[in-house]
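It should be emphasised that the depicted structure is a prediction, and the values quoted were computed from it without experimental measurement.
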Amino acid sequence: MIAIDFFCGAGGLTRGLLNAGVDVILGIDADEDCRQTYETNNHTSQFLLADIRTLRVEVIANRIADIDPEDLLFAACAPCQPFAQLNRNYTKDEAARLLNKFARFVREFQPRQVFVENVPGLARVRGSSTHRRFRKMLNELGYEYWEGVLDAKAYGVPQTRRRFVMIAIRGVEPTIPPPTHGPGLLPYETVERAIREYPPIEAGEIHPDVPNHRAAVLKPINLERIRHTPHDGGDRTAWPEHLWLQCHGNGYTGHTDSYGRMRWQHPAPTLTCKCHSLSNGRYGHPEQDRAISLREAASLQSFNDTFIFHAHTQGHLASQIGNAVPVRLAEAVGRHIRNLVGEEL
């Protein structure tokens with residue numbers, strides 16, 4: 001099976017598909033800053049800098065001229081921000097129509113296999129949504145498909161991460177990828193198993209020997225806050241009053257994840273593009289007085305330590321990690337698709 005990874009970003013999906021035995025020949029993304037990360041970690045795949053909204057079909061045609069469509073997999077994990085729960089303007093956002101732009105290539109080349117991954121909100125956009133139009137197109141082209149919400153922790157990812165997944169195949173009725181972790185299966189992977197062995201560092205420190213093991217700088221007040229946050233799952237409710245945020249006064253008790261610590265014996269919470277920031281979620285280290293490092297975040301996304309991220313800024317590096325498809329989830333889907341079409345694993 002040969003694949004093209006649309007919206008490839010840093011290459012989490014590509015890496016997982018490669019691990020599953022899928023030959024990913026091309027990753028496409030509009031972010032030049034992802035190129036080095038993608039190419040240095042996925043040596044058999046090429047990176048194409050392109051905006052799918054203006055990418056000509058001839059460019060793809062030239063890349064796959066000698067490939068039988070029966071052997072092709074087109075995968076798309078479009079930027080999820082337009083469909084996220086907190087974004088109330090997704091139907092007005094041009095990015096919300098990126099799935100339709102991907103559909104243009106599916107219609108043109110009709111690969112036998114199609115894979116789409118996004119946040120669960122993709123299937124809940126109001127009105128004549130991109131999702132509904134995409135399903136209609138699949139039906140017109142003779143695809144059968146399965147769609148639903150998977151949790152990455154059920155596939156060995158040490159993180160609770162619910163994602164919308166669609167698998168479409170011509171001539172085969174797709175099914176859900178069988179989970180490997182959970183009740184009656186292997187135990188869920190935990191924060192401890194993922195990050196315990198990394199050497200301790202301070203807030204703002206870059207470890208000299210472990211690539212990407214760097215932690216964000218903390219302002220003095222935030223350093224004091226994390227020091228007052230109990231280890232292993234503590235949150236801001238333990239702070240003395242002089243450390244409270246103004247918005248958390250007057251008896252407010254909601255949203256305690258921000259500034260909170262992760263729990264050793266649980267999967268991590270969902271990582272975002274600001275997963276290195278103490279104030280943007282429960283991203284505090286379980287016991288060290290800092291947010292998790294970028295290397296630790298990558299491990300919680302199931303990247304192994306040989307996958308090195310490159311970016312001009314720490315924020316963009318965090319975005320590459322937080323926006324990626326978890327490698328083990330991608331691998332599980334890739335193996336499942338190969339099994340569905342009868343490829344020998």
Side-chain angles (χ1 to χ4, degrees), residues 1-8 11-28 42 44-45 60 63-64 66-78 99 102-103 105-120 122-123 131-132 134-157 161-182 184-186 302 324-345:
M1 188 175 298
I2 300 170
I4 294 179
D5 182 357
F6 293 78
F7 314 104
C8 65
L13 174 60
T14 289
R15 185 67 264 161
L17 291 177
L18 290 171
N19 291 351
V22 178
D23 182 12
V24 184
I25 60 171
L26 186 66
I28 304 169
N42 304 299
T44 61
S45 307
I60 301 301
R63 302 274 185 155
I64 61 174
D66 298 325
I67 301 174
D68 187 337
E70 293 293 295
D71 297 328
L72 272 177
L73 165 65
F74 279 8
C77 305
L99 187 61
F102 171 66
F105 294 92
V106 174
R107 186 180 293 279
E108 177 71 22
F109 298 106
Q110 300 188 29
R112 187 186 184 194
Q113 296 84 202
V114 175
F115 170 57
V116 173
E117 187 264 11
N118 212 284
V119 295
L122 175 65
H131 172 243
R132 291 179 182 178
F134 192 78
R135 290 193 306 183
K136 181 180 179 182
M137 179 203 68
L138 292 176
N139 288 327
E140 291 172 350
L141 296 178
Y143 287 91
E144 298 186 65
Y145 61 85
W146 176 90
E147 61 179 355
V149 176
L150 304 181
D151 194 327
K153 70 184 178 185
Y155 300 91
V157 179
R161 191 181 184 95
R162 298 178 70 251
R163 308 295 290 182
F164 169 83
V165 166
M166 174 185 281
I167 298 171
I169 306 175
R170 285 200 315 275
V172 172
E173 182 178 357
T175 57
I176 182 175
T180 54
H181 294 66
L185 303 169
L186 295 172
S302 64
V325 178
V327 175
R328 289 178 194 159
L329 175 60
E331 182 175 353
V333 171
R335 289 184 181 278
H336 186 59
I337 293 174
R338 291 188 63 201
N339 184 64
L340 286 170
V341 299
E343 285 197 356
E344 185 175 345
L345 300 179

Residue that, paired with M166, satisfies side-chain contact (heavy atoms from CB on, under 4.5 Å) out of L138, L99, V114: L138

Among I67, L73, L26, side-chain contact (heavy atoms from CB on, under 4.5 Å) partner for I2: I67

Contacts of type side chain to side chain donor-acceptor pair (under 3.5 Å), residue E343, not counting sequence neighbours: R338

Grab the two heavy atoms, one from [X] and one from [Y], that are nearest each other, plus how far apart they are.
X	Y	value
G334	V22	O-CG2, 4.4 Å
T175	W146	C-CG, 4.1 Å
Y155	P177	OH-O, 2.6 Å
P179	L185	O-CD1, 3.5 Å
A330	L13	CB-CD1, 3.6 Å
L141	Q110	CD2-NE2, 3.7 Å

Polar side chain donor-acceptor pair, T14 to D5, under 3.5 angstrom: yes

For [X], enumerate each residue passing the salt bridge (Lys or Arg N to Asp or Glu O under 4.0 Å) test, keeping only those at least two apart in sequence or located in another chain.
X	result
E70	R112, R170
R63	none
E140	R107

Are the side chains of [X] and [Y] in touch, meaning some heavy atoms are under 4.5 Å apart?
X	Y	answer
I64	L72	yes
H336	I167	yes
T44	V24	no
P111	Y143	yes
L329	S302	no
F134	V116	yes

Nearest-0.5 Å distance, [atom1] of residue [X] to [atom2] of residue [Y]:
X	Y	atom1	atom2	value
K153	R162	NZ	CZ	10.0 Å
I176	L150	CD1	CG	5.0 Å
R161	D151	CZ	CG	10.5 Å
H181	L186	NE2	CG	4.5 Å
I60	E108	CD1	CD	11.0 Å

Residues which pass ring pair (Phe, Tyr, Trp, His ring centres under 6.0 Å) with F105, listed by chain and number, not counting sequence neighbours: F6

Which residues share a side chain to side chain contact (heavy atoms under 4.5 Å, CB included) with E331, sequence neighbours left out: N19, A20, R335

